[in-house]
Amino acid sequence: MQSETSSTYDATLAGEVTRPSAEEIGLDASSLRRAAWTCSFGSALEYYDFALYSLASALVFGPLFFPSHIPGMGLIASFGTYFLGFAARPFGGIVFGALGDRWGRKSVLLITVTLMGCASTGIGLIPTYATIGMWAPVLLVILRVLQGLGAGAEQAGAAVMMTEYAPPGRRGFYASLPFLGIQVGTILAAIVYFVLLFGVDDVSQGWVWRVPFLASAVILVVALYMRLTLKESPAFAHMQEEAAKEQHDATLTGLLRGSWRTIVIGIGLRAAENGGSSIYQVLALSFIVHTMGMKPLVGTLALICAAIAGAVTVPVAGLMADRWGRVRVYRGFAIVTALASFPVWYAFSLGNVFLAIIALTVALGVGIWGMFGTQAALLPEMFGARHRYVAVSLTRETSAVISGGLTPLFGSFAIAFVSRYHIHDAHPGEGAWWLLAIYVILLALTTILATLFLPEPRNRDLLDPNDVI
């Protein structure tokens, strides 16, 4: 199987695979740049919302929407709503992914960015528990679910769009560019919270916590304007012409029957990346602030530094994947994540500001986002042309529930469990660091194992209806 894939790769570079040229599909350098900017801006909105909700879950939502006299329960409930957003993502991925394979990438990306932006803005308008009681968490859950439905196909659509736009031999780099929007969105959210927290002991008091969510409306307007001017994916336009000539099973059952092996491997690939992203962007911030007693400013500053490092790592990972192959580079970053786990979490447990910032920058900015940059072209190249959008969406968002959504819940329960036996210590949950480190290692080992079963898909023909497996 590996040799077959390599042959496809060699043939593609040699020009033997039948595929429309850039001239035939009307693609020029200007269109490629516009697609990169447009997809990047949508990704920025998604991860601005993601990072915003992560920070708010760790720092704000507990006392505002889930007040409790039991220590830790407000945080657990807050992370519960965080998980619900992940739980909704596979449904959004299936529905909007299927529409993307039928209607086109551009139309669905317009829908998803609108849904996310409106839901995030709505969160900034919800009255708190003190004002409307139980309706406050109910409304928060509803908007979080809507946010998850939109996000379920947004990043997958951006990855598919840019992979189909990019020329062979450069897909890793060009497909990684929208993922830079992730760093931009994360930096924006962290900077906004950094400014809000500066000189404020408790950001949950007052209305300032609403400002970052309301700002989503501005990003939404710009993203919509940019996407309205975007041309459809060249590969999809070609596939539309061929669709009338062929009949195929486009149902979810047909997808699962024909692609279940590829989907399972894709879920395994994302274990370390998505689970690691969640544990470092959400739980680690909560750990250093609530467990170790550092100021919230430390958490946001650490996230800013990690995102800046990630902005360098992501395109470099894309270039590395173009040169040395997607699988080899992806496995390398997973190994880095595993090796860094114990030193990173031990550094968090020391309560030292400088070490905490360095640790998060290495773990998230290099290890996790290195996998993320490599994954941009890897997942779309794994699936056949007929169902690429829905398959990538289903793979990404199912793994998001399993690896990403459950991680903060597991971590918060682990911290609460350790705290019960050290209730009189200065930092009762400090000893949970080694449990969290082991958890990251298990995620990384899952990803490393998945890479061993994946043939190299670099630069395979995107009009091939078959999966790489």
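Starting from 1, each residue takes its place in the sequence as its number.
Atom CZ of F91 is surrounded by 12 or fewer heavy atoms from other residues, nucleotides or ligands within 6.0 Å.
Counting heavy atoms from C-beta outward, V298 and V289 have side chains that stay 4.5 Å or more apart. The shortest distance between side-chain heavy atoms of I308 and I187 falls below 4.5 Å. The shortest distance between side-chain heavy atoms of R396 and L379 falls below 4.5 Å.
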Enumerate donor-acceptor pairs with a distance under 3.5 Å from any side-chain N or O in residues 431-446 to protein atoms, sequence neighbours excluded.
| from | atom 1 | to | atom 2 | distance (Å) |
| --- | --- | --- | --- | --- |
| W434 | NE1 | G431 | O | 3.0 |
| Y439 | OH | T407 | OG1 | 3.3 |
| T446 | OG1 | L442 | O | 2.9 |

List the atom pairs, with distances to 0.1 Å, where a side-chain N or O of residues 211-223 and a protein N or O form a donor-acceptor pair under 3.5 Å, not counting sequence neighbours.
| from | atom 1 | to | atom 2 | distance (Å) |
| --- | --- | --- | --- | --- |
| S216 | OG | D49 | OD1 | 3.1 |
| S216 | OG | F213 | O | 3.2 |

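Applying the side chain to side chain donor-acceptor pair (under 3.5 Å) criterion to S419, with sequence neighbours excluded, gives no partner residue.
Here the options are R388, K106, R171, the test is salt bridge (charged side-chain N to carboxylate O under 4.0 Å, His left out), and the partner is E164; only R388 passes.
A parallel orientation is assigned to the rings of Y280 and W345, their planes being inclined by less than 30° (bins at 30° and 60°).
A donor atom on one side chain and an acceptor atom on the other are not found under 3.5 Å apart for S393 and E397. Checked by atom type, the side-chain pair S403/N274 shows no donor-acceptor distance below 3.5 Å. For the residue pair S120 and Q147, a side-chain donor N or O sits within less than 3.5 Å of a side-chain acceptor on the partner.
If you look at F65 and Y129, their ring centroids are not closer than 6.0 Å.
The main-chain N or O of V327 is found under 3.5 Å from a side-chain atom of E456 such that the two form a donor-acceptor pair.
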For this session: Could you walk me through whether I265 and T451 pass side chain to side chain contact (heavy atoms under 4.5 Å, CB included), step by step?
Result: CA-CA 8 Å; I265 289 177; T451 64; over 6 Å; no
